Amino acid sequence: AQSVTQPDIHITVSEGASLELRCNYSYGATPYLFWYVQSPGQGLQLLLKYFSGDTLVQGIKGFEAEFKRSQSSFNLRKPSVHWSDAAEYFCAVGPMNYGGSQGNLIFGKGTKLSVKP
Amino acid sequence: DAGVIQSPRHEVTEMGQEVTLRCKPISGHNSLFWYRQTMMRGLELLIYFNNNVPIDDSGMPEDRFSAKMPNASFSTLKIQPSEPRDSAVYFCASKLGRQGNEQYFGPGTRLTVT
């Protein structure tokens with residue numbers, strides 16, 4: 001069955017510290033991979049996505065993610081966290097034919113990030 | 001460009017009442033999705049449309065829920081009758097139906113059923 005696992009429900013880091021949020025997926029083939037961020041009271045905003053090619057993907061707000069096929073992982077990283085990064089982060093996968101009539105994504109449960117001053 | 005527009009942003013209603021949530025997708029997008037988010041169940045896909053046609057409604061909880069997309073620029077999600085367990089944030093998202101394109105989310109409607 002297709003699934004996305006974000007093993008950490010809640011993470012707290014100090015401002016300026018590095019961050020890594022974990023995401024593992026179970027899928028029949030290499031999927032499209034996404035990270036979204038949700039600030040309190042807001043909708044989800046795309047941080048970055050991976051389709052193919054370079055396995056290290058750069059996104060907005062200084063985030064990056066690395067696709068590791070052997071580990072079925074797509075972990076999100078940031079070298080130095082800012083207080084404004086406090087939010088909930090969602091990993092999602094979509095099928096290789098993610099377009100047309102095959103448009104749905106599978107989302108993880110999310111990881112809530114708190115930032116200590 | 002305007003993003004996905006949802007209305008109302010907040011809705012408080014009494015059990016048994018009909019609730020209609022509205023969504024205007026981004027112009028030119030041909031896929032539209034309705035999600036429900038709760039603390040207990042996280043983000044759940046309810047239904048999605050492609051070119052105004054419902055493709056997968058397996059996530060719709062029960063017959064009290066219905067969704068329509070009469071044209072490319074408007075969709076509704078209706079709950080009749082509403083129940084307290086329907087309290088959640090409902091998101092609409094749209095995408096351009098090419099491979100790999102991301103979904104763009106609206107701000108959500110926070111529904112409270114008392």
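This structure is a prediction, so every number in the text was calculated from the model and none was measured.
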Residue selection (most heavy-atom pairs with chain A, distance under 4.5 Å) from B:Q6, B:Q37, B:R110:
B:Q37
Angle class for the A:Y89/A:F63 ring planes (parallel below 30°, perpendicular above 60°, tilted otherwise)?
tilted
Bottom line for A:Y50: the part with an atom under 4.5 Å from chain B's heavy atoms is neither
For A:L46, is it the side chain, the backbone, both or neither that has a heavy atom under 4.5 Å from a heavy atom of chain B?
side chain
Do side-chain atoms of B:S87 reach the backbone of B:V113 as a donor and acceptor pair under 3.5 angstrom?
yes
With a 4.5 angstrom heavy-atom cut-off, could you sort out which part of A:Q38 is near chain B: side chain, backbone, both or neither?
side chain
Quick one: do B:S58 and B:D56 satisfy side chain to side chain donor-acceptor pair (under 3.5 Å)? Show the steps, please.
CA-CA 6 Å; B:S58 59; B:D56 182 358; 2.6 Å; yes
Angle between ring planes, B:F33 versus B:Y48, binned at 30° and 60°: parallel, tilted or perpendicular?
parallel
